Amino acid sequence: MSSSRRIAHLDMDAFFASVELLRYPELRGRPVVVGGRRVPAPEGNVGNRVFGRLGDYVGRGVVTTSTYEARAFGVFSGMGLMQSARLAPDAVLLPADFEAYRDYSRRFKQAVLSVVPVIEDRGIDEIYLDLTEFDEPSAVIADRIKQAVRDATGLSCSIGISPNKLLSKICSDLDKPDGLTVLLMSDLADRIWPLPVSKVNGIGPKATQKLKSLGIESIGQLAQVPVGELQSQFGAHYGRWLHEAAHGMDDRPLETSRQPKSLSRETTFERNLHVRHDRTELTAIVDNLCLRVADDLQRKSLACRTVGLKVKFADFSVVTRDVSVQVPLQGARQLREALADCLKRIDWHDRIRLLGVRASGLTDQQDVLSQPSQLDLWRT
DNA sequence: TCTGGGGTCCTAGGACCC
DNA sequence: TCTGGGGTCCTAGGACCC
């Protein structure tokens with residue numbers, strides 16, 4: 001066991017909202033919500049900007065993120081915008097600008113890399129770092145990292161440091177914003193066990209509910225349950241993992257690079273569509289999704305051996321169908337033709353809320369192009 | 001007018017091969 | 001013939017995460 005490791009988890013504070021506050025400093029201190037579809041620019045005077053009001057929002061969509069001031073009203077990520085509008089009608093609503101967030105994401109990661117050479121990318125706003133090789137105290141390194149991030153972006157982050165990824169992830173959330181939590185294995189019972197099981201990365205709503213029904217609500221309570229009992233309730237694999245997680249055990253290494261496994265595009269409609277009455281519109285949507293997936297494949301020089309269709313019905317049930325082919329596909333027309341097979345196998349029992357197209361079984365485009373007999377398939 | 005969009009991993013059954 | 005067993009691929013669904 002590598003109990004001598006020193007692993008950090010760094011999490012940007014209210015990342016998307018904080019980027020927006022850099023752009024609109026006059027909103028600082030006010031409840032701000034990021035989310036929803038982009039609406040036409042408000043007709044405010046220059047120098048007298050008019051922001052969207054959450055209470056005026058109409059339509060589908062969820063909160064992507066919110067400032068701490070908005071969270072005080074009970075508005076959190078994933079909540080429906082209509083619902084959040086009832087809680088905080090006077091909050092400012094801004095559309096998400098993922099291009100800007102990706103730009104800031106690159107900048108903060110670059111800044112961290114100037115201090116720590118080994119990081120694992122965990123998405124747009126968080127990373128793991130390996131501090132094992134450093135000689136200085138954790139607090140000193142953490143301060144240096146935070147300063148580098150602040151200098152490069154003007155943003156704050158929270159850091160958790162412990163012997164492994166699982167505990168560091170929990171720790172980075174304990175002292176937000178701009179926090180630092182350093183945890184030793186000997187602190188486990190005092191600082192981790194009192195927390196609810198849902199704080200563990202990998203215990204979601206379903207598992208939390210089931211644990212609650214068994215009388216288990218805290219991580220400490222989970223740690224007291226015999227592993228065999230957890231395995232009979234949750235299966236051999238997940239049961240063992242639950243037991244180890246509750247005891248703070250995790251020896252996963254940092255993953256410093258990885259290949260994408262799948263790639264997808266999906267869209268929720270403004271209104272639910274009918275498979276016959278709205279056939280023209282649905283066809284255009286599938287075609288467009290194929291174009292976007294093909295474009296993504298092209299940009300990443302990938303092809304796929306499996307294409308899938310996802311349908312979400314008005315009742316929120318989700319059905320997927322996929323099909324695999326011998327020769328990898330890349331062009332939009334090829335994707336569309338393969339999907340015809342999937343479309344036939346779906347029982348269209350209800351109005352449709354969402355359609356999605358996924359490419360998996362990804363291979364390098366190079367491998368496809370190197371098969372001369374298949375070159376003619378590249379015309380689209 | 002509750003409930004987005006992009007991913008990963010796991011499970012489980014059936015086909016197929018040796 | 002004993003209806004064995006591995007191993008891999010494909011498909012569908014679901015939990016979970018950011």
Side-chain angles (χ1 to χ4, degrees), chain A residues 9-12 14-16 33-38 57-65 75-87 95-96 98 101-102 105 120-128 165-166 169 172-173 197-211 234-242 245 252 255 258-272 289 292-293 296 300 305-326 341-342 345-347 351 353-362:
Chain A
H9 180 257
L10 182 154
D11 196 87
M12 298 299 288
F15 184 50
F16 300 171
V33 172
V34 177
R37 294 176 197 271
R38 190 167 294 279
Y57 185 83
V58 176
R60 296 181 163 166
V62 298
V63 173
T64 303
T65 193
V75 175
F76 297 97
S77 304
M79 179 180 282
L81 279 171
M82 296 300 286
Q83 185 190 350
S84 66
R86 285 193 289 276
L87 295 171
F98 284 95
Y101 310 149
R102 274 191 288 269
S105 179
E120 173 181 336
D121 199 323
R122 288 302 303 187
I124 198 160
D125 70 341
E126 58 184 78
I127 50 177
Y128 288 103
K165 287 160 71 168
L166 183 103
K169 168 79 178 170
S172 67
D173 192 47
V197 291
S198 57
K199 291 286 180 187
V200 176
N201 198 244
I203 302 182
K206 297 284 180 182
T208 299
Q209 200 49 48
K210 181 162 178 181
L211 285 166
F234 293 91
H237 186 257
Y238 193 64
R240 169 157 293 281
W241 178 82
L242 281 173
R252 289 171 301 163
E255 290 185 40
R258 51 187 306 166
Q259 291 296 108
K261 299 248 189 333
S262 70
L263 194 154
S264 68
R265 292 286 180 170
E266 63 184 53
T267 185
T268 297
F269 317 138
E270 293 290 349
R271 62 179 181 93
N272 296 336
L289 290 168
R292 292 169 67 195
V293 170
D296 293 339
K300 296 172 190 239
R305 280 207 51 231
T306 302
V307 191
L309 183 75
K310 171 177 170 179
V311 182
K312 187 186 279 183
F313 291 98
D315 64 359
F316 275 79
S317 62
V318 174
V319 169
T320 62
R321 293 290 180 271
D322 49 50
V323 61
S324 296
V325 295
Q326 284 301 310
D341 187 65
C342 299
R345 282 144 54 202
I346 289 186
D347 171 24
R351 283 179 183 267
R353 181 183 177 88
L354 166 151
L355 281 180
V357 172
R358 164 163 45 249
S360 55
L362 302 180

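Here is the naming used below: chain letters follow the sequence lines, and residue numbers restart at 1 for every chain. Fair warning: this is a prediction, and the values are worked out from it, not measured in the lab.
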Q: Identify whether any heavy atom of A:K169 sits under 4.0 Å from a base atom; if not, whether one sits that close to sugar-phosphate; answer base, sugar-phosphate or nothing.
A: sugar-phosphate

Q: Thinking salt bridges, do A:R292 and A:D296 make one under a 4.0 Å N-O criterion?
A: no

Q: Enumerate donor-acceptor pairs with a distance under 3.5 Å from any side-chain N or O in residues 306-313 of chain A to protein atoms, sequence neighbours excluded.
A:
unit_1: A:T306; atom_1: OG1; unit_2: A:S324; atom_2: OG; d: 2.8
unit_1: A:K310; atom_1: NZ; unit_2: A:E266; atom_2: OE1; d: 3.1

Q: Using chain A heavy atoms and a threshold of under 4.0 Å, write down where along DNA chain B the contacts begin and end, 5' to 3'.
A: B:dT1 to B:dT11

Q: Which label fits B:dT1, syn or anti, where anti is any glycosidic angle not within 90° of 0?
A: syn

Q: Across the strands shown, which category fits A:I203 at heavy-atom distances under 4.0 angstrom: base, sugar-phosphate, nothing?
A: sugar-phosphate

Q: List for me each residue that meets side chain to side chain donor-acceptor pair (under 3.5 Å) alongside A:Q83, sequence neighbours excluded, and say none if there are none.
A: none

Q: Reckon A:T267 touches a base, only the sugar-phosphate, or nothing at all at heavy-atom distances under 4.0 Å?
A: sugar-phosphate

Q: Between A:R305 and A:T320, which has a closest nucleotide on DNA chain C that is more 5'?
A: A:R305

Q: Students often get this wrong, so: under 4.0 angstrom with heavy atoms, is A:R265 touching a base, only sugar-phosphate, or nothing?
A: sugar-phosphate

Q: Nearest nucleotide by nearest heavy atom, which residue falls closer to the 5' end of DNA chain B, A:L354 or A:Y238?
A: A:L354

Q: Considering every strand and a 4.0 Å limit on heavy-atom distances, what is the contact class for A:V63: base, sugar-phosphate, or nothing?
A: nothing

Q: Mind checking whether A:Y238 and A:W241 have parallel, tilted or perpendicular rings, split at 30° and 60°?
A: parallel

Q: What interatomic distance, in whole Å, is found between C1' of C:dC16 and the corresponding atom of B:dG4?
A: 16 Å

Q: Classify A:E270 by what it touches in the nucleic acid, base, sugar-phosphate, or nothing, heavy-atom distance under 4.0 Å.
A: base

Q: Under the salt bridge (Lys or Arg N to Asp or Glu O under 4.0 Å) rule, collect the residues that match up with A:E120, sequence neighbours excluded.
A: A:R122, A:K165

Q: Return the 5'-most residue of the pair A:L263, A:G80 with respect to DNA chain B, ranking by each residue's nearest nucleotide.
A: A:G80

Q: Test of understanding: with salt bridge (Lys or Arg N to Asp or Glu O under 4.0 Å), list the residues that count as partners of A:D11, not counting sequence neighbours.
A: A:K176

Q: Where each pair must be Watson-Crick or G-U wobble with both distances under 3.5 Å, what dot-bracket representation of DNA chain C is obtained, with crossing pairs in [ ] and other-strand partners as |?
A: ....||||||||||||||

Q: In whole angstrom, give me the gap between the C1' atoms of C:dT1 and C:dG5.
A: 16 Å

Q: With A:R358, which residues qualify under salt bridge (Lys or Arg N to Asp or Glu O under 4.0 Å), at least two apart?
A: none

Q: If the plane angle is over 60° it's perpendicular, under 30° parallel, otherwise tilted; pick one for A:H9 and A:Y128.
A: tilted

Q: Identify every side-chain donor-acceptor pair in residues 200-208 of chain A under 3.5 Å, counting partners at least two apart or on other chains, and give the distances.
A:
unit_1: A:T208; atom_1: OG1; unit_2: A:G204; atom_2: O; d: 2.7

Q: Select base, sugar-phosphate, or nothing to describe what A:V200 touches, counting heavy atoms under 4.0 Å on all strands.
A: sugar-phosphate

Q: Scan A:R258 against the nucleic acid and name what it touches under 4.0 Å (heavy atoms): base, sugar-phosphate only, or nothing.
A: sugar-phosphate

Q: Which residues satisfy the side chain to side chain donor-acceptor pair (under 3.5 Å) test with A:R351, sequence neighbours excluded?
A: none

Q: Using a heavy-atom cut-off of 4.0 Å across all strands, would you classify A:K312 as base, sugar-phosphate, or nothing?
A: sugar-phosphate

Q: So what does A:R86 hit on the nucleic acid, given a heavy-atom distance under 4.0 Å: a base, only sugar-phosphate, or nothing?
A: nothing

